[in-house]
Amino acid sequence: MTGAGPLGRNLVIGLIWAGMVTAPGAYTQPVNPEDGAAWSARGAEITRPFKKELKAALMSAMADGPATAMEACRLQAPAIARRLSAAGIEMGRSSHRLRNPENAPRDWVRPLLAEYVADPARRAPRVVRLAINRIGYVEPITIKPPCLTCHGTSVAPTVAAKIHLLYPQDQAMDFSPDEFRGLFWAEFPLEVHP
Ligand code: HEC
């Protein structure tokens, strides 16, 4: 019987600890700078193919006009994210002004997004420790001239109509070049250490 007590206690403590760190919105921060730099590099590496494929899909679809490109964005962005999400790795895009409500920020992303919005000086890639053995990575997204076709102040009426049809709750119009648009996020296991 002697081992049961401490084992049980450890289990309870472990469960309480797990509960604390996985509570909605809870994350432990800061991570030490050395690990932070390595995890940030890993996060950048994970999001790189997502960004690249998204850009390629958008560019080739834009050749057929913005209405077709919109379909590419709508269908391909989540499909690319799903395909690249494997072995405990997940990624996506989010924003403070969403076009698609399905891109709403996860609990751990929300405070980081709020910081990006509030303070331009903090718009750099960031990492946080998530629930036990997972890392969260975010990277800011800025509006470039080609984005204005579908997110700018003078979107063509046909394009705007299509956007309103597909996204009745759209909040992602009226952006200007260089304006903060949102973020890429990735989650990956701690074992995936460079
Ligand atoms: C052809 C039109 C089009 C162009 C050009 C375009 N987007 Fe989008 N964007 C969309 C659509 C449609 C969605 C919704 C995609 C979905 O359903 O996930 C979207 C979603 C997003 C999201 C995800 C968050 C949200 O609001 O749902 C971000 C971030 C984003 N766009 C940034 C950009 C940036 C940066 C550029 C320029 C490099 C760009 N977009 C160019 C149409 C476009």
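As the structure lists them, so they are numbered: ligands from 1, and atoms in each ligand from 1.
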Do His96 and Tyr116 have their ring centres less than 6.0 Å from each other? no
At under 4.0 Å between heavy atoms, what of Pro146 touches ligand 1? The answer is backbone
Nearest heavy-atom contact between Leu84 and Pro49 is CD1-C, 3.8 Å
### Query
Any N or O of Asn100 that comes nearer than 3.5 Å to an N or O of ligand 1?
yes
Ranked by distance from atom 29 (C) of ligand 1, the top protein heavy atom is Ile141 CD1, 3.7 Å
Result for salt bridge (charged side-chain N to carboxylate O under 4.0 Å, His left out) between Glu187 and one of Arg129, Arg42, Arg134 points to Arg134
A student checking ligand 1 against Ala69 at a 4.0 Å heavy-atom cut-off should list atoms 1 (C)
With a cutoff of 4.0 Å, is Arg97 in contact with ligand 1, counting heavy atoms of the residue only? yes
Rounded to the nearest 0.5 Å, the CE atom of Met91 sits from the CZ atom of Arg48 at a distance of 12.0 Å
Does ligand 1 have an atom under 4.0 Å from some heavy atom of Gly182?
-> no
Taking 2.8 Å as the cut-off, does His151 contribute an N, O or S atom near atom 8 (Fe) of ligand 1, distance below it? yes
Interatomic distance, OG1@Thr47 vs CZ@Arg93, rounded to 0.5 Å, equals 12.5 Å
Review point. So is Tyr167 close enough to ligand 1, meaning a heavy atom under 4.0 angstrom away?
Key: yes
Closest to atom 27 (O) of ligand 1 among protein heavy atoms sits Asn103 ND2, 2.7 Å
re atom 37 (C) of ligand 1, the protein heavy-atom contact at minimum distance is Cys147 SG, 1.8 Å
Exercise. Take Trp108 and Val128 through the side chain to side chain contact (heavy atoms under 4.5 Å, CB included) test and state the conclusion after the steps.
Key: CA-CA 8 Å; Trp108 67 266; Val128 288; 3.7 Å; yes
Logged contact type for Leu58 with ligand 1, heavy-atom cut-off 4.0 Å, is side chain
Checking heavy atoms under 4.0 Å, the part of Arg99 that sits near ligand 1 is both
Q. Got a sec: does the CG of Asp178 have more than 12 other heavy atoms crowding it under 6.0 Å?
A. no
**Request:** Might you work through the side chain to side chain contact (heavy atoms under 4.5 Å, CB included) test for His151 and Glu179, ending with a clear yes or no?
**Result:** CA-CA 11 Å; His151 294 294; Glu179 200 176 337; over 6 Å; no
Going hydrophobic residue to hydrophobic residue with side-chain gaps under 4.5 angstrom, can you get from Val127 over to Ile89?
yes
The closest protein heavy-atom partner of atom 43 (C) of ligand 1 is Cys150 CB, 3.4 Å
Under 4.0 Å from one or more heavy atoms of Leu98, ligand 1 contributes atoms 25 (C), 26 (O)
If you scan protein heavy atoms around atom 30 (C) of ligand 1, the nearest is Arg93 NH1, 3.4 Å
To the nearest 0.5 Å, atom OG1 of Thr142 lies from atom CZ of Arg181 at 11.5 Å
If we number the atoms of ligand 1 from 1 as shown, the ones under 4.0 Å from a heavy atom of Pro66 are 1 (C)
So for Met70 against ligand 1, with non-hydrogen atoms under 4.0 Å, the contacting part is both
Output for pair (Asn100 CG, Ser95 OG), nearest 0.5 Å, gives 11.5 Å
